[in-house]
Number of protein chains: 2
Amino acid sequence: MARVNELRLITRVAQMYHLEGRRQAEIAQHLRMSQATVSRMLKKAQEEEIVRTTIVAPSGTFPELEKGIREKFGLPEAIVVECAEDSPASIMARIGEAGAHFLEATLQSGEIIGVSSWSETILKMVDNIHPMSAGRVKYVVQTLGGMGNPSVQTHATQLTTRLARLTGAEPRLLSAPGVAPSREAKLVLLGDTYVRETMELFSKITLAIVGIGAIEPSSMLARSGNIFTPNELTEHTDAGAIGDMSLRFFDIDGNVVKTPLDDRVIGMPMEALAKVDRVIALAGGAAKTDAIRGALRTGTIDVLVTDEFTARRLLEAWNTTP
Amino acid sequence: MARVNELRLITRVAQMYHLEGRRQAEIAQHLRMSQATVSRMLKKAQEEEIVRTTIVAPSGTFPELEKGIREKFGLPEAIVVECAEDSPASIMARIGEAGAHFLEATLQSGEIIGVSSWSETILKMVDNIHPMSAGRVKYVVQTLGGMGNPSVQTHATQLTTRLARLTGAEPRLLSAPGVAPSREAKLVLLGDTYVRETMELFSKITLAIVGIGAIEPSSMLARSGNIFTPNELTEHTDAGAIGDMSLRFFDIDGNVVKTPLDDRVIGMPMEALAKVDRVIALAGGAAKTDAIRGALRTGTIDVLVTDEFTARRLLEAWNTTP
DNA sequence: CTAATCTGTGTATATTTATACACTAGTGAT
DNA sequence: ATCACTAGTGTATAAATATACACAGATTAG
């Protein structure tokens with residue numbers, strides 16, 4: 001009957017609280033009721049939708065896409081960046097910036113960062129990190145060996161070293177090739193104390209930064225400097241591999257794909273990555289879309305940083321097969 | 001430069017807080033930052049208008065009119081009720097309901113209520129009050145004497161008595177006419193112990209419920225049962241009186257108008273009313289608009305309960321002269 | 001009509017949020 | 001380069017808000 005009288009009072013309370021910014025106790029005193037009652041009225045105001053709270057996305061942000069990715073892939077966090085054009089260079093630049101900001105904003109003290117060094121996107125991220133005081137990060141651990149090609153080897157080492165310097169951490173390098181010529185060769189290389197010490201840190205990593213690679217002959221060959229024979233590539237694709245993180249391969253459903261090559265890789269295994277507290281993946285671009293899809297389904301990633309175009313592609317078709 | 005990255009994170013925090021209903025500490029843990037930072041981000045989200053809170057008025061309520069009246073008359077609270085038609089009967093019924101609800105919702109324990117008995121609107125309010133446990137209200141004090149006409153005298157007494165019974169309070173009646181035949185007669189009447197005891201309670205009243213009357217010959221005569229001579233009426237109107245509360249008169253600017261009649265009224269003086277903690281006025285209707293305007297300007301009213309039509313009229317022209 | 005249940009309230013208190021403070025690092029002027 | 005000033009952070013704690021509890025009145029079923 002007199003429900004309108006009750007709603008009127010609730011509306012007034014909501015107005016005083018939300019628009020006039022008064023404290024509940026103040027409102028309670030003004031209206032001669034207890035603070036508890038005011039609290040309950042405000043709750044009711046929400047329920048009755050007398051107060052409505054809306055979030056307006058600032059331009060350049062895509063909460064909807066992020067939400068879609070979080071929900072469809074069961075991801076704790078997703079970051080989608082605005083991008084002027086759907087080109088690898090533009091995408092990597094933006095993802096790098098966003099990744100760096102996120103890292104800085106959410107970095108805790110005493111962390112041990114693992115970084116896989118073969119990704120240009122990660123390089124862009126490191127470019128955007130501001131130097132911080134020493135001690136915040138304990139170690140920056142290289143989670144994948146360098147390249148056979150000595151110059152790229154250096155490149156990888158530099159990435160780790162630079163990130164370590166910027167974060168004020170001690171770098172822990174993996175002075176070995178990412179892919180050993182053979183199983184036997186790998187065992188020999190693991191005999192090195194320095195290498196072993198670094199690899200023992202893998203289980204201590206609290207934050208891993210990884211790139212995602214697509215198995216796609218041309219780029220793969222370019223990237224690896226012909227480490228893999230065409231035979232090895234076919235072996236992977238035949239087994240269904242669609243992409244890799246630090247040279248650990250998976251298919252479109254996120255299942256790990258193990259081939260003989262796996263035994264030759266000197267770096268963090270997928271199982272170890274899965275145990276890391278926080279795994280941040282940086283990747284975007286049309287060519288990588290399916291690889292990212294598979295990577296997300298491995299369940300090892302906690303935060304994906306990608307671009308708006310890739311985000312839309314990831315959401316478009318989300319059935320199992322591409 | 002990377003302001004968008006900051007805003008993106010803020011947006012995400014706002015989303016988790018406002019839409020997903022997560023606690024700040026939970027969000028802080030999720031994003032590896034301190035709860036304090038989350039709190040600050042939420043504040044910033046308000047400032048940047050990333051979160052917007054709107055109040056939607058339920059149908060039948062008029063927060064805008066109430067706000068207008070509060071602001072234009074410097075009133076702590078105003079209640080505007082919906083009314084199907086702009087007729088006295090309809091208006092009184094609705095105001096009565098709303099007044100009763102407000103009274104019940106905001107009544108504290110141990111109050112002493114003063115009630116002026118000549119208003120039909122107050123009668124309607126009392127009709128809508130639900131009986132409550134004894135002791136919540138200490139006394140219900142009649143603040144204005146009855147009428148010369150014995151039947152109406154009874155009416156007034158009954159109002160006070162009924163309100164007292166409903167609120168579980170002890171009634172304190174003023175068994176004297178509202179207007180004594182002369183100054184001298186008044187002094188005699190005040191000699192009565194019972195009357196004096198009630199009048200001594202005037203200063204203890206914590207909540208006064210008053211009606212507002214318009215000086216308008218026909219209704220006045222009808223109301224008063226010809227207590228006033230045409231002469232007395234002219235005296236009032238000549239002095240600028242536009243209305244009254246409990247037979248205490250004021251002009252359109254809210255200045256108290258004192259005439260010889262004032263000395264014959266047996267009831268609470270305006271000065272005493274002004275000292276009461278809370279004065280709730282119930283009044284509406286086209287004929288009373290100017291009287292209400294004046295009453296509000298006396299500065300003695302804390303809460304006005306009126307109807308939508310009168311509210312709009314009150315806001316329409318708000319210069320000094322009608 | 002009475003018992004049982006449900007609703008709403010204030011008090012006391014637990015939980016949650018905001019902020020004072022101390023400190024670090026960035027910025028700009030001298 | 002140095003110093004003052006600004007901006008931002010986490011910790012500790014004050015302030016504000018939500019709720020458990022006990023109780024009172026309303027409502028419903030028997």
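These numbers come from the heavy atoms of this one structure, side chains and all, not from hydrogens, waters or symmetry mates. Labels below follow one simple rule: chain letters A, B, ... track the order of the sequence lines, proteins then strands, and each chain is numbered from 1. Not measured: the values here are computed from a predicted model.
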Quick one: label Thr37(A) by what it contacts on the DNA or RNA (base, sugar-phosphate, nothing), any heavy atom closer than 4.0 Å.
sugar-phosphate
Sorted by position of nearest nucleotide on DNA chain C, 5' first, the leading residue of Ala105(B) and Met132(A) is Ala105(B)
Contact list for DNA chain C against residues 45-58 of chain A - heavy-atom distance below 4.0 Å:
none
Residues passing the side-chain hydrogen bond (donor to acceptor under 3.5 Å, both in side chains) test with Thr121(B), sequence neighbours excluded, are none
Not counting sequence neighbours, which residues clear salt bridge (charged side-chain N to carboxylate O under 4.0 Å, His left out) with Arg40(B)? List them please.
none
Per the atom types in the model, does the base of dA18(D) pair as donor or acceptor with the side chain of Gln35(A) at under 3.5 Å?
yes
For the side chain of Ser34(A), counting heavy atoms from C-beta on, which of dT11(C), dT16(C), dA12(C) is nearest?
dT11(C)
Within residues 6-22 of chain B, those residues having any heavy atom closer than 4.0 Å to DNA chain C are Tyr17(B)
Could you tell me which residues satisfy salt bridge (charged side-chain N to carboxylate O under 4.0 Å, His left out) with Arg23(B), sequence neighbours excluded, listed by chain and number?
none
Pair listing, side chain to side chain donor-acceptor pair (under 3.5 Å) test, anchored in residues 161-174 of chain A, at least two apart:
Asp127(A)-Arg162(A), Glu170(A)-Arg172(A)
Looking only at dG10(C), dA16(D), dT19(D), the nucleotide nearest the Met33(A) side chain is dG10(C)
Answer yes or no: side-chain N or O of Gln24(B) and base N or O of dA18(C) forming a donor-acceptor pair under 3.5 Å.
no
For Thr106(A), what residues pass the side-chain contact (heavy atoms from CB on, under 4.5 Å) criterion, not counting sequence neighbours?
Phe102(A), Arg278(A), Arg32(B), Met33(B)
Quick one: side-chain hydrogen bond (donor to acceptor under 3.5 Å, both in side chains) partners of Thr198(B), sequence neighbours excluded?
none
side-chain hydrogen bond (donor to acceptor under 3.5 Å, both in side chains) partners for Arg22(A), two or more places apart
Glu20(A)
Residue pairs passing the side chain to side chain donor-acceptor pair (under 3.5 Å) test where at least one lies in residues 45-71 of chain B, sequence neighbours excluded
Arg3(B)-Glu48(B)
Short N/O separations, protein against nucleotides 20-24 of chain D, under 3.5 angstrom:
{"from": "dA20(D)", "atom 1": "N6", "to": "Arg40(A)", "atom 2": "NH2", "distance (Å)": "3.1"}

In chain order, what residues pass the side-chain hydrogen bond (donor to acceptor under 3.5 Å, both in side chains) check against Gln35(A), with sequence neighbours excluded?
Gln24(A)
Return yes if a side-chain donor-acceptor contact under 3.5 Å exists between Ser34(B) and Thr37(B), otherwise no.
yes
